[in-house]
Amino acid sequence: PQAISRMKTVSGIYGAPGGCLCVFCGNTVKEQLFTNLGDAFQLDAEIVAIDMPIGFPEFSGRTVEKIARQMLKGKASSIFSVPARSAIENENASYQDACLINMQHSAPPKKFSKQSFGIFPKMRELDCLMTPELQTRVHEVHPELSFAEMNNSRAVLTKKSRPDGRSERIKLLGVSGFPWSQLPSATYLKKDVTDNDIVDACACAWSARRILEGCALSIPDQLEKDARGLVMSIKV
């Protein structure tokens, strides 16, 4: 009998309140919540796409964020500037101290939001795992850029926190070839994973599939690396 070919599996990772939410897309679609990224990276996925910065600049702000904002007209606020590496790496710094460090490494001097500061531990966790070699498999993505690409290069202006915004994004996933209907019903507590987290993780998985197929866009065009040799780019 003829062997049944196995579709290569990709993974989309989105940071949820309860940990790292992974959506796996291969012959079947499923999701799983992990408490740490290391475990998520151990799973059998050809390509991993994660909505988290890979590579920290010595001076606050990366070229990729500037270009991404231009691509998301009307939705540019969803792209935040990645702080300087020295501001992120200081685990003992308070929010005020970290802002002060970043102001010393930006021109004009810039602070960052408390929301950004809140995900510093996850950003440090990813940075500790990443190597230039691992970047052949693990890529930075951004859900709103993914949805814009699905939407004929136009930003989706509805808010994903509202039912109409969530429905619009789910519809885009469906017409863009992502098997949303195959995803099992979520059984997570709302304090751990929200519906929006699942939608965004699916968008990451959609971009992971494009990376695997070799048709993803890479922002920016020119290679930009941080001090550790990590490429600072977003794939769409």
Side-chain angles (χ1 to χ4, degrees), residues 2-15 20-32 34 37 40-55 62-65 67-68 70-72 75 78-79 126 129-156 160 168-184 197-225 230-236:
Q2 186 176 3
I4 298 175
S5 61
R6 174 184 173 273
M7 182 181 289
K8 292 183 177 179
T9 301
V10 297
S11 171
I13 301 180
Y14 186 80
C20 306
L21 180 66
C22 300
V23 168
F24 304 95
C25 184
N27 287 340
T28 59
V29 183
K30 62 181 181 178
E31 88 284 334
Q32 189 171 348
F34 295 90
L37 277 171
F41 285 0
Q42 292 299 316
L43 293 182
D44 182 23
E46 298 284 333
I47 295 292
V48 177
I50 183 169
D51 177 30
M52 202 174 295
I54 296 177
R62 306 185 303 176
T63 301
V64 62
E65 274 91 49
I67 297 174
Q70 295 170 2
M71 295 173 65
L72 288 177
K75 201 77 175 181
S78 65
I79 305 289
L126 176 58
L129 291 169
M130 289 305 304
T131 64
E133 293 75 23
L134 189 57
Q135 277 196 292
T136 60
R137 177 174 172 253
V138 179
H139 303 267
E140 178 182 347
V141 296
H142 193 288
E144 289 304 314
L145 285 170
S146 300
F147 285 120
E149 184 64 20
M150 296 179 212
N151 195 38
N152 297 316
S153 301
R154 298 191 307 269
V156 179
K160 64 182 180 182
E168 184 175 5
R169 286 164 176 79
I170 289 173
K171 181 178 179 181
L172 283 170
L173 284 167
V175 299
S176 300
F178 188 90
W180 171 268
S181 60
Q182 295 180 22
L183 195 64
D197 297 330
I198 299 173
V199 171
D200 282 341
C202 286
C204 294
W206 177 83
S207 285
R209 177 65 64 189
R210 283 169 54 87
I211 296 168
L212 179 65
E213 294 172 350
C215 59
L217 304 176
S218 185
I219 310 166
D221 293 332
Q222 295 193 354
L223 206 62
E224 187 176 49
K225 296 183 178 181
L230 298 174
V231 177
M232 295 184 287
S233 69
I234 292 177
K235 296 289 179 67
V236 183

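We're numbering straight along the sequence, starting at 1.
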Notebook entry, point to check: Do Leu43 and Cys22 have side chains that get closer than 4.5 Å, going by heavy atoms?
Noted result: no
Note to self: On a heavy-atom basis, which atom in Ala205 and which in Val23 lie closest, and how many Å separate them?
What the structure shows: CB-O, 3.9 Å
Note to self: Could you tell me if the side chain of Asp44 sits less than 4.5 Å from the side chain of Thr9, heavy atoms only?
What the structure shows: no
Margin query: If you apply the rule side-chain contact (heavy atoms from CB on, under 4.5 Å), what do you find for Ile54 with Val231, and how did you get there?
Written below: CA-CA 7 Å; Ile54 296 177; Val231 177; over 6 Å; no
Check: Would one find more than 12 heavy atoms of other residues, nucleotides or ligands at under 6.0 Å from atom CD of Gln182?
Finding: yes
Checklist line | N/O donor-acceptor pair under 3.5 Å between Arg209 side chain and Gly177 backbone | finding: no
Check: Between the side chains of Glu144 and Ser78, does any donor sit under 3.5 Å from an acceptor?
Finding: no
Check: Just by modelled atom types, is the Phe41 backbone N or O under 3.5 Å from a matching donor or acceptor in the Arg137 side chain?
Finding: yes
Check: Between Arg169 (side chain) and Ala203 (backbone), is there a donor-acceptor pair under 3.5 Å?
Finding: no
Checklist line | Within-4.5 Å side-chain heavy-atom neighbours: Leu72 and Phe147 | finding: no
Notebook entry, point to check: Looking at side-chain heavy atoms only, is the closest gap between Ile211 and Val141 below 4.5 Å?
Noted result: yes
Item checked: Where Ile219 and Ile67 come nearest, the two heavy atoms and their spacing -> CG2-CG2, 3.4 Å
Note to self: Using 0.5 Å steps for rounding, measure from the CZ atom of Arg62 to the CE atom of Met232.
What the structure shows: 6.5 Å
Check: Rounded to the nearest 0.5 Å, what separation is found between the OH atom of Tyr14 and the CG atom of Asp197?
Finding: 6.0 Å
Check: Rounded to the nearest 0.5 Å, how far does OG of Ser153 lie from CE of Met71?
Finding: 7.0 Å
Item checked: Shortest non-hydrogen contact between Ala49 and Cys204, atoms and distance -> CB-O, 3.3 Å
Notebook entry, point to check: Do Ile79 and His142 have side-chain heavy atoms sitting under 4.5 Å apart?
Noted result: yes
Item checked: Met130 versus Leu134, closest heavy-atom pair with distance -> SD-CD2, 3.8 Å
Check: For Leu37 and Ile50, what are the C-alpha separation, side-chain angles and deciding distance, and is it a side-chain contact (heavy atoms from CB on, under 4.5 Å)?
Finding: CA-CA 10 Å; Leu37 277 171; Ile50 183 169; 3.6 Å; yes
Checklist line | Distance, nearest 0.5 Å, that separates CG of Leu217 from CD of Glu149 | finding: 4.5 Å
Check: Do Ile47 and Ser11 have side-chain heavy atoms sitting under 4.5 Å apart?
Finding: no
Check: At their closest point, which heavy atom of Glu46 faces which heavy atom of Leu212, and how far apart are they?
Finding: CB-CD1, 4.0 Å
Margin query: So which atom in Ser146 and which in Trp206 form the shortest heavy-atom distance, rounded to 0.1 Å?
Written below: O-CZ3, 3.6 Å
Notebook entry, point to check: Roughly how far, to the nearest 0.5 Å, is CD1 of Ile13 from NE2 of His139?
Noted result: 12.0 Å
Note to self: Let me confirm one number: the OG-NZ distance from Ser233 to Lys225, rounded to the nearest 0.5 Å.
What the structure shows: 11.0 Å
Notebook entry, point to check: Does any non-hydrogen side-chain atom of Asp200 lie less than 4.5 Å from one of Asp51?
Noted result: no
Notebook entry, point to check: Heavy-atom distance under 4.5 Å between the side chains of Lys160 and Pro143, does that happen here?
Noted result: no
